[in-house]
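For reference, the structure is listed below as structure tokens.
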Amino acid sequence: MQSTIMLEARQIALEIEQGDEESLFLLRDINFCVPKGHFMAIVGPSGCGKTTLLKAIAGIKETTDGAFYWEGRNLEEEGDFEPREIGYVPQFSIAHEALTVDECVENAARLRVKAGEDALNDLIDQVLEETGMTEIADRPVKLLSGGQKRRLALAMELVSGPKILLCDEVTSGLDPRSEREIVELLHALSLKDGRIVISVTHSLAQMELYDSVMVLVGGSLAYHGSPSSLAHYFGVPGFEEVYPRLQLREPVEWGASWLKHRADYYAKLEQAHIAKFREAGVEPPPVSAAEEEEEDATPGFGTQFGVLLRRRFTLLFRDRAQLLLQVAMIVIFPILVALFSGKGQEQLMHLTDSIGDDIAIEMQAQQEQAEVRARVGSAVSGIIMFEVILLGLMGSNNSASEIAGERQLLEKEKFAGASPGACVASKAVYLASLVVVQSLWMFIFVQYFWPLRGDALNHLLFLLLANAAMTSVCLGISANCRTAAQASLLSIYLVGFQLPLSGAVLALPDTIERLTQPFISAYWAWSGSIQGGLDSEVLKAVNSIVQTSFTEPGLCLIVLAAHIVVGLVLAYIGVRRTRWE
């Protein structure tokens, strides 16, 4: 197959260290070549290295030795696959359940393909028809069957017209009829535009539909040739006897045996490959490996940002449970603050510096005012901290699962060319809208029931910053956690420590305060709102009861802004990191 070679593996190995023990080879001395327009299955027992090899081809896993060549280009030294060249269909679902089939394919197309509106619509229609999804284009993903979801995953990859399509267990869990339909579809896709299709599968059914079958055992290549020669090579009566046969020899022995017979089987494979196109009435792909240079067809930052942002708002309004939770928090949390602010408002009305001329009356008045001042200080400090903590809780809910909850989808979209910057920017703008609505309503509602004596706009500013800081930091946590559950737990812990470590209730020891205070956004929002937003009498009342020292509003603004920036930077770093399962 040397004349039509398009993908070649030369001495591929992937070795991992096992402490003091010997190294473990996940892949060992893998050599093969695949021509244009070829449909190949990778089979073998569980744990033999099938998915590892597929991910190594895709560049998701780094090999420790050897190299892959694509159209004669060393992928490691001369540049990896371009996003438009490769499609990868992983085992996990890559579509949002609340979106329709058409919306999923449209989003994929707009993220990957730079084209005019009419051309994009034609492309979407073509891909839906090619994968048999046209009649269910308006159906939500959550209502699709297993086979339909596999077709959707393929449709989302085909929008960019990849030259090589890698499929990992796309027939797993399907009934025999659906499995055959998917395999037939993959076979048809390999006939178009000289596309290579490689499918990892446990099943040995429908082997006759593949152009070649690669058998792995213990990380070694035991066979790669025509399905019609598979049973003969292993000396068994049928495909189902191949796996038991593999247990009779060591993987390295199978690998060495295959190298002796490889040339003969590849010669037969080349003849079968040419016959495939003749039987299908399709022109074979050109022999030359040279391809015309294509300009970068990946959409820019602005386009990807717009697609991701629009999709995020669509998901919010489609997810009734999440939308109701957001509305409930926005409505109920300010009511809680207003309920607790009633007595504080009564005490504020009695707070005055006016003292009578009579000494006895003056002393009694001073005592009464001291008591009132203590109650006012406690109420004002507590209510402002209550607002800050509740907004911090909203911020945690806003973003704790925002990235971790769709991590695998994010990895898939990055693999296809989506910009990490566009992803983080779309999340930031979406979350900023929640922050503004939540904080503004908290301020308006509480201000109506408990008019603040002082600078109301300063108070609003710090409420916004309190929410934004916690939202941003939790977004950073979400981007650096593997699971949504892990991110949510860490974010809740972060909110839980805000109150005791802020010093609003009890002053912390100086040593601990210096260590923890820079990281406690609640302290800075609380301190800035009190120090810069209260009139002098109310501020005196708060100072008379609170032992923790307050910081100037300017510094509070800087620190809270730093929290927001650090959170966004952490989010960007986390999104850029690769976290495939």
Side-chain angles (χ1 to χ4, degrees), residues 37 81-89 94-141 143-144 148-165 185-186 188-197 282-283 285-286 291-318 409-410 412-423 425-426 429-430:
F81 287 109
E82 295 293 332
R84 68 176 182 274
E85 291 182 309
I86 185 169
Y88 177 68
V89 184
I94 59 170
H96 286 287
E97 295 283 298
L99 299 180
T100 65
V101 169
D102 185 69
E103 288 171 333
C104 289
V105 176
E106 180 184 359
N107 284 329
R110 293 185 184 278
L111 281 174
R112 305 181 190 190
V113 180
K114 185 189 295 183
E117 194 67 23
D118 291 341
L120 276 174
N121 289 332
D122 291 342
L123 172 63
I124 294 167
D125 291 341
Q126 175 189 331
V127 167
L128 289 173
E129 182 178 358
E130 191 173 9
T131 53
M133 304 288 285
T134 303
E135 294 183 1
I136 58 172
D138 294 329
R139 186 175 300 178
V141 174
L143 299 181
L144 299 182
Q148 289 169 337
K149 286 185 177 180
R150 301 302 201 284
R151 288 177 177 272
L152 173 59
L154 290 169
M156 293 170 67
E157 293 308 302
L158 293 175
V159 293
S160 58
K163 298 176 182 177
I164 179 170
L165 183 63
L185 173 59
L186 294 176
L189 293 175
S190 70
L191 290 168
K192 186 175 181 181
D193 302 327
R195 179 182 292 124
I196 291 176
V197 180
V282 178
E283 285 292 324
E291 297 283 343
E292 295 183 4
E293 290 293 326
E294 298 181 35
E295 61 178 88
D296 183 13
T298 304
F301 176 93
T303 299
Q304 293 186 344
F305 165 77
V307 172
L308 294 171
L309 183 61
R310 183 172 60 252
R311 184 179 71 184
R312 187 61 191 87
F313 275 107
T314 299
L315 291 171
L316 173 65
F317 291 110
R318 294 271 177 88
L409 173 62
L410 171 62
K412 182 66 203 66
E413 291 180 336
K414 286 191 327 183
F415 183 82
S419 161
C423 172
S426 67
V429 172
Y430 163 73

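All of these numbers come straight from a predicted model, not from anything done at the bench. Computed from heavy atoms alone, side chains included, the values below leave out hydrogens, waters and symmetry copies.
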Is it true that Glu117 and Arg110 make a salt bridge, defined as a side-chain N closer than 4.0 Å to a carboxylate O? yes
Quick one: closest heavy-atom pair of Leu128 and Val105, and the distance? CD2-CG2, 3.9 Å
Give me the atom names and distance for the closest heavy-atom approach of Thr298 to Gly417. CG2-O, 3.8 Å
Test side chain to side chain contact (heavy atoms under 4.5 Å, CB included) on Met133 and Arg139 and set out the steps. CA-CA 10 Å; Met133 304 288 285; Arg139 186 175 300 178; over 6 Å; no
The test is side chain to side chain contact (heavy atoms under 4.5 Å, CB included); show your working for Asn107 and Met156 and say whether it passes. CA-CA 9 Å; Asn107 284 329; Met156 293 170 67; over 6 Å; no
Looking at Ser426 and Leu308, what are the two nearest heavy atoms and their distance? OG-CB, 3.5 Å
Without swapping roles, check the side chain of Arg151 against the backbone of Thr131 for a donor-acceptor pair under 3.5 Å. yes
Heavy-atom pair of closest approach, residues Asp138 and Thr100: O-CG2, 3.6 Å
Kindly indicate whether the side chain of His96, heavy atoms from C-beta on, has any atom under 4.5 Å from the side chain of Leu409. yes
Residues Glu157 and Lys412 bridged, charged N to O under 4.0 Å: yes
Can you check side chain to side chain contact (heavy atoms under 4.5 Å, CB included) on Phe415 and Ile86, steps first, answer last? CA-CA 9 Å; Phe415 183 82; Ile86 185 169; 3.8 Å; yes
Is Gln304 reaching over with its side chain to a backbone N or O of Leu111, donor-acceptor style, under 3.5 angstrom? yes
Leu144 versus Leu152, closest heavy-atom pair with distance: CD1-CD2, 4.0 Å
Exercise: identify the closest heavy-atom pair between Val159 and Val113: O-CG2, 3.4 Å
Hey, are the side chains of Arg311 and Glu103 touching, using non-hydrogen atoms and a 4.5 Å cut-off? no
For Leu189, does its backbone N or O pair with a side-chain atom of Arg195 as donor and acceptor, under 3.5 Å? yes
Please determine whether a side-chain nitrogen of the Lys or Arg among Glu413 and Arg112 lies less than 4.0 Å from a carboxylate oxygen of the Asp or Glu. no
Can you measure from CD (Glu106) to CG (Asn121) and round to the nearest 0.5 angstrom? 7.0 Å
Report the C-alpha separation of Cys423 and Leu410 in whole Å, then their side-chain angles, then the decisive distance to 0.1 Å, and conclude whether the side chain to side chain contact (heavy atoms under 4.5 Å, CB included) test is met. CA-CA 8 Å; Cys423 172; Leu410 171 62; 3.6 Å; yes
Ignoring hydrogens and geometry, is there a side-chain-to-backbone donor-acceptor pair from Ser419 to Phe301 under 3.5 Å? no
Quick one: do Glu97 and Arg318 make a salt bridge, cutoff under 4.0 Å? no
Is Lys163 salt-bridged to Glu82, cutoff N-O under 4.0 Å? no
Hey, does Ile164 have a side-chain heavy atom less than 4.5 Å from the side chain of Val197? no
Are Pro140 and Leu99 side-chain neighbours, meaning at least one heavy-atom pair lies under 4.5 Å? no
Can you tell if the side chain of Thr134 reaches within under 4.5 Å of the side chain of Asp125, non-hydrogen atoms only? no
Would you find a donor on one side and an acceptor on the other, under 3.5 Å apart, between the side chain of Arg312 and the backbone of Tyr430? no
Donor-acceptor pair, Thr314 side chain versus Arg310 backbone, under 3.5 Å? yes
